[in-house]
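Here is the structure we will look at.
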Amino acid sequence: MVREWDPRTASSAEIASLLEMLNAILAADLPQDPPWQGTSMREYLSEVMPGERRISWVAQAETPDEGQPGAILGHVQVLLLGDIGVLEVLVDPTQRRGGLGRRLVRLAARRVYQEGFQSMGVEVVGGTPAVAFYESLGFTRDYVETRSVLDLAGVDWSALATTVAGIGDGYRLQFHPGGPPDDLIEAYARTKAEIRDLDDGELRPSSYDPQRLRDSLDCLHRRGMQPYIVSALHEPTGEVAGLTEVVVPAQHPTRADQYDTIVLQHHRGHGIDRAIKARMLLELRSAQPGLTQVQTWNAQSNEAMLAVNADLGYRPDRHWCEYGAEVAELVHRLDAQG
């Protein structure tokens with residue numbers, strides 16, 4: 001049975017079943033990734049930014065007792081974000097190659113088409129069956145990043161402290177658990193605008209407007225995701241010369257996610273990039289003692305940041321790709337295939 005599904009009103013049993021399926025997928029496709037926990041899972045699935053919408057469907061097993069929901073065997077959601085529908089499909093490994101994934105994509109594509117969107121995108125993890133699946137549907141690869149993972153057990157903490165101390169004169173590092181203070185928001189947003197024109201993918205957009213930045217931080221908290229920020233303040237001008245962001249999700253609290261790391265062009269060459277990332281790791285050691293790993297994503301062309309990460313101990317893990325399709329063509333193709 002496939003039906004539209006709202007995680008805000010779903011039963012606890014359905015949320016638990018979805019989590020069980022997700023962890024079965026991770027065990028099959030990404031066995032080195034930590035399993036997810038159920039903390040704030042409902043909020044993670046339902047909370048969105050202002051102006052965005054998320055639509056979901058589930059495929060459930062049939063049960064003899066009509067009053068009891070069957071196990072969730074598949075899940076598809078589409079986030080209507082700006083001018084694109086961002087797709088995510090999960091299919092239990094025991095149900096693959098039976099047409100369920102294609103059926104779920106067809107449902108989502110039709111809705112996106114009805115909503116008036118012209119394009120769809122999806123993140124696809126390299127080295128998993130998802131690559132061949134989306135390519136068979138006609139999705140094309142638009143962008144590739146490298147995911148790298150840092151094991152905190154192997155970090156040289158004294159070397160990190162030396163790196164922090166090596167920042168150039170005139171810069172002061174600040175740690176902001178939860179997000180930057182309100183009096184820093186506008187300067188912080190201006191610094192984030194530095195990457196607006198870079199080719200950094202479109203499925204995980206950054207927030208350049210002060211109000212959107214506030215909304216983004218609020219959304220993270222509502223989804224059970226704790227942000228931590230280190231900024232480098234240029235004391236003569238009050239500019240936020242650099243910043244780095246890490247988020248610790250309640251759903252996998254032993255592995256944190258690196259978000260943006262930015263150093264303004266005219267402040268480069270003063271050791272800011274290494275210093276802010278090193279300071280972040282030192283702060284996380286105290287703020288999140290259960291943390292064991294940090295994962296980050298970088299464009300393959302961003303050789304400078306890849307080098308910084310390598311110096312800190314990050315090791316490349318696998319490719320992380322963005323695939324896209326024109327919605328009308330996708331719907332036509334899937335309808336023709338039946």
Side-chain angles (χ1 to χ4, degrees), residues 5-49 52-58 71-79 81 86-93 122-125 128 130 145 147-152 177-179 203-205 207 215-229 245-260 280-281 283-285 287-297 317-318 320:
W5 185 74
D6 187 344
R8 293 171 298 181
T9 56
S11 69
S12 298
E14 287 178 338
I15 298 291
S17 181
L18 178 62
L19 177 64
E20 183 178 358
M21 179 188 65
L22 171 60
N23 281 329
I25 294 169
L26 288 175
D29 297 343
L30 297 168
Q32 302 305 313
D33 282 25
W36 281 40
Q37 301 178 11
T39 307
S40 298
M41 193 67 184
R42 186 187 304 276
E43 293 76 12
Y44 178 85
L45 292 167
S46 58
E47 294 291 343
V48 296
M49 290 273 287
E52 299 176 0
R53 287 184 293 140
R54 195 187 306 272
I55 308 170
S56 302
W57 295 261
V58 292
I72 292 180
L73 305 176
H75 174 252
V76 59
Q77 66 174 7
V78 61
L79 177 65
L81 170 71
V86 181
L87 182 69
E88 183 179 34
V89 179
L90 302 173
V91 175
D92 190 288
V122 61
E123 286 191 340
V124 180
V125 183
T128 69
E145 292 180 310
R147 183 179 78 166
S148 301
V149 178
L150 173 66
D151 288 314
L152 296 180
L203 303 188
R204 283 181 273 130
S207 298
D215 291 339
S216 177
L217 291 165
D218 180 61
C219 185
L220 285 173
H221 285 290
R222 286 186 283 112
R223 298 182 80 199
M225 305 169 77
Q226 174 68 21
Y228 294 94
I229 291 164
E245 305 164 333
V246 167
V247 172
V248 180
Q251 298 79 21
H252 51 89
T254 62
R255 179 182 284 193
D257 299 329
Q258 174 79 57
Y259 280 33
D260 287 340
M280 175 66 79
L281 294 173
E283 294 288 356
L284 288 174
R285 189 185 188 191
Q288 291 282 341
L291 196 65
T292 61
Q293 295 178 318
V294 181
Q295 59 185 358
T296 187
W297 294 262
D317 176 48
R318 60 178 67 227
W320 217 266

What is the ring orientation for Y44 with W36, classed by angle as parallel under 30°, tilted 30 to 60°, or perpendicular over 60°?
perpendicular
With a 4.5 Å limit on heavy-atom distance, are the side chains of D29 and V125 in contact?
no
When you compare the side chain of R222 with that of S40, does any pair of heavy atoms fall below 4.5 Å?
no
Check the surroundings of atom CD in E20: do more than 12 heavy atoms from other residues, nucleotides or ligands lie under 6.0 Å from it?
no
From [atom1] ([X]) to [atom2] ([Y]), nearest 0.5 Å:
X: L150; Y: D317; atom1: CG; atom2: CG; result: 12.5 Å
X: W5; Y: E14; atom1: CH2; atom2: CD; result: 6.5 Å
X: I229; Y: D260; atom1: CD1; atom2: CG; result: 9.5 Å
X: H75; Y: W57; atom1: NE2; atom2: CH2; result: 9.5 Å
X: R255; Y: Q295; atom1: CZ; atom2: CD; result: 4.5 Å
X: L87; Y: Q77; atom1: CG; atom2: CD; result: 8.5 Å

Lys/Arg-Asp/Glu bridge criterion (N-O < 4.0 Å) met for D33, R318
no
Member of T292, L291, T254 meeting the side-chain contact (heavy atoms from CB on, under 4.5 Å) criterion with L152:
L291
